[in-house]
Amino acid sequence: MTRPTPRPERLRRLRRAELPVDTVELARYLIGKSVVRELEGARLTGRIVEAEAYPIGDPAAHHFRGPTPRNRSLFLEPGHAYVYLAYGTSYMLNVSSEEAGVGGGVLLRAIEPRDGIEPMMRHRRTRRVEDLTRGPGRLAEALAITPRLDGIDLCAAGPLWLATAAEPPRPIGPIGPSGGIARVGTSVRIGLTRAARRRLRFYERGNRFVSGPRLLRA
DNA sequence: TTGGCGATTGGCT
DNA sequence: GCCAATCGCCAAT
């Protein structure tokens, strides 16, 4: 038996002027927004359900010691991609978050897959939907994100951009700060040893695509 | 020039 | 739950 293919969600690109120019505010703002990956013959999309802030002066952040060839994208104006390789095995996708010349970034840790699930399954070599985009490395692999995308403008037409619902959902519940009806939780960031106590992680509560231990998903 | 150490993941105990 | 894989960065040699 086959299920009818769901109609792609109507999305519009986020304008740079809409983004809060503050790393922590941007991390919270991005929960419920969407990532769009344009590949030849396919559009892959997902709703952001988990993100972490790496703000100005954060000793755990890659921008902490100033700009280098690797991290220069974190010093671009808000809404640019910073892609890097973690542990020699997984790529990570970040959104630059402070004014040009100032280092700041938001790590996208998980999305809820929407359009293009079949291509995501091929990239990830699994049929398990729950394993496609749960965790920053998995998210990047599902969307075929590589350092070739480092530095690109996520507020412009191209291979990767940020979006929001073209028509806001009918307000049947309280409207959260993300603009949707998602309940947003906060916690410490995952996998850090430095500055490990700050609550700079934001996630949609109860969403099954959020990574981390159960306690950090409720 | 070298060694330690990650913003992780997947496989195995 | 534990641990190896794997590689680029950076601090110290």
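So you know, we letter chains A, B, ... as the sequences are listed, proteins then strands, and number each from 1.
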> Which residues pass the side chain to side chain donor-acceptor pair (under 3.5 Å) test with A:R205, sequence neighbours left out?
Replying inline: none
> How would you list, by chain and number, every residue that makes a side chain to side chain donor-acceptor pair (under 3.5 Å) with A:E141, sequence neighbours excluded?
Replying inline: A:R124, A:R125
Backbone N or O of [Y] within a donor-acceptor pair of the [X] side chain at under 3.5 Å?
| X | Y | result |
| --- | --- | --- |
| A:E98 | A:P55 | no |
| A:T45 | A:D115 | yes |
| A:E18 | A:R15 | yes |
| A:R16 | A:P78 | yes |

> Of A:R138 and A:L192, whose closest DNA chain B nucleotide lies nearer the 5' terminus?
Replying inline: A:L192
> More 5' along DNA chain B: A:Y84 or A:E141, using each one's nearest nucleotide?
Replying inline: A:Y84
> So which of A:R217, A:R208, A:R109 actually passes salt bridge (Lys or Arg N to Asp or Glu O under 4.0 Å) with A:E50?
Replying inline: A:R109
>> By the 4.0 Å heavy-atom rule, please label A:R194 as base, sugar-phosphate, or nothing.
In response: nothing
>> Using a 4.0 Å heavy-atom cut-off to protein, can you give one letter per nucleotide of nucleotides 8-13 of chain C, 5' to 3': B if the base is in contact, S if only the sugar-phosphate is, - if neither?
In response: -S-S--
> Pairs counted as Watson-Crick or G-U wobble with both distances under 3.5 Å: what dot-bracket string results for DNA chain C, using | for bases tied to another strand?
Replying inline: |||||.||||||.
>> For A:R13, I'd like to know if atom CZ has over 12 heavy atoms of other residues, nucleotides or ligands within 6.0 Å.
In response: yes
> For DNA chain B, which nucleotides open and close the run of contacts to chain A, 5' to 3', at under 4.0 angstrom from a non-hydrogen atom?
Replying inline: B:dG6 to B:dG10
> Which residue pairs satisfy the side-chain hydrogen bond (donor to acceptor under 3.5 Å, both in side chains) criterion with at least one member in residues 77-88 of chain A, sequence neighbours excluded?
Replying inline: A:H62-A:Y82
> Which pair of non-hydrogen atoms, one from A:H63 and one from A:N71, has the smallest distance, and what is that distance?
Replying inline: CA-ND2, 3.9 Å
